[in-house]
**Student:** 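A single structure is presented below for examination.
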Amino acid sequence: PMPLRPGVHNVAATPFLPDESLDEASLRTLVEYCVARGCEGMLVLGVLGEVDKLADAERDRAVAGFVDAAAGRLEITVGVTHHATVA
């Protein structure tokens, strides 16, 4: 496995809208905030439990949104938590 970049890696909360749908516009805001504060990376869909609230397509959009917004400026680590061992 590749080692993580040294430095601060933010454990990001996934943003939701009031109707509990994925707040894709806020993904970019979160990335910009981390970049401005000198973070080297972000852990997304990780240990905060929100991944359970997303459908597979929403997870894909969230990952793509974080990666696109980071544009190589941050290392993006993606959590792969799932309730089923088959998945």
Side-chain angles (χ1 to χ4, degrees):
M2 291 180 60
L4 293 174
R5 287 184 193 173
V8 173
H9 289 245
N10 177 293
V11 178
T14 303
F16 291 94
L17 294 169
D19 68 359
E20 297 186 11
S21 63
L22 180 63
D23 184 354
E24 295 181 63
S26 291
L27 297 178
R28 183 165 301 281
T29 302
L30 284 171
V31 168
E32 293 306 324
Y33 181 85
C34 288
V35 168
R37 270 107 199 122
C39 290
E40 291 296 326
M42 295 177 77
L43 169 61
V44 302
L45 303 184
V47 297
L48 297 177
E50 71 276 3
V51 72
D52 293 341
K53 295 174 177 47
L54 298 172
D56 289 342
E58 288 175 311
R59 288 185 199 125
D60 291 344
R61 287 197 322 271
V63 170
F66 278 115
V67 170
D68 181 60
R73 299 174 296 161
L74 295 172
E75 181 173 81
I76 302 296
T77 303
V78 180
V80 292
T81 303
H82 202 285
H83 289 293
T85 56
V86 175

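Every value quoted in this text rests on a predicted model; they were computed, and no experiment measured them. Throughout, residue positions are numbered sequentially from 1 according to the sequence presented. These numbers come from the heavy atoms of this one structure, side chains and all, not from hydrogens, waters or symmetry mates.
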**Student:** Per the side chain to side chain donor-acceptor pair (under 3.5 Å) rule, what does the pair list look like for residues 4-18, sequence neighbours excluded?
**Tutor:** Thr14-Glu50

**Student:** For the CZ atom of Arg61 and the CZ atom of Phe66, what is their distance to the nearest 0.5 Å?
**Tutor:** 13.0 Å

**Student:** Tell me the closest heavy-atom pair linking Glu58 and Leu22, and the distance in Å.
**Tutor:** O-CD2, 3.6 Å

**Student:** Taking only residues two or more places apart in sequence, or in another chain, which ones meet Leu43 in a side chain to side chain contact (heavy atoms under 4.5 Å, CB included)?
**Tutor:** Val11, Thr77

**Student:** Restricting to side chain to side chain donor-acceptor pair (under 3.5 Å), what partner residues turn up for Asp23, sequence neighbours left out?
**Tutor:** Ser26

**Student:** Who pairs with Val8 by side chain to side chain contact (heavy atoms under 4.5 Å, CB included), at least two apart in sequence or on another chain?
**Tutor:** Cys39

**Student:** With sequence neighbours left out, write down each residue that passes salt bridge (charged side-chain N to carboxylate O under 4.0 Å, His left out) with Glu75, or none if nothing qualifies.
**Tutor:** none

**Student:** Glu40: which residues meet the side chain to side chain donor-acceptor pair (under 3.5 Å) condition with it, sequence neighbours left out?
**Tutor:** none

**Student:** Measure across Leu74 and Gly41 and return the closest heavy-atom pair with its distance rounded to 0.1 Å.
**Tutor:** CD2-N, 3.8 Å

**Student:** Which heavy atom of Val44 sits nearest to which heavy atom of Ala12, and what is that distance?
**Tutor:** CG1-CB, 4.3 Å

**Student:** Please name the pair of heavy atoms, one in Leu45 and one in Ala62, separated by the smallest distance, quoted to 0.1 Å.
**Tutor:** CD2-CB, 4.3 Å

**Student:** Could you list the donor-acceptor pairs under 3.5 angstrom formed between side-chain atoms of residues 29-38 and any protein atom two or more places apart in sequence or on another chain?
**Tutor:**
from  : atom 1 : to    : atom 2 : distance (Å)
Glu32 : OE1    : Arg73 : NH1    : 3.2
Glu32 : OE2    : Arg73 : NH2    : 2.6

**Student:** Considering residues at least two apart in sequence or located in another chain, which fulfil the side chain to side chain donor-acceptor pair (under 3.5 Å) criterion with Asp60?
**Tutor:** none

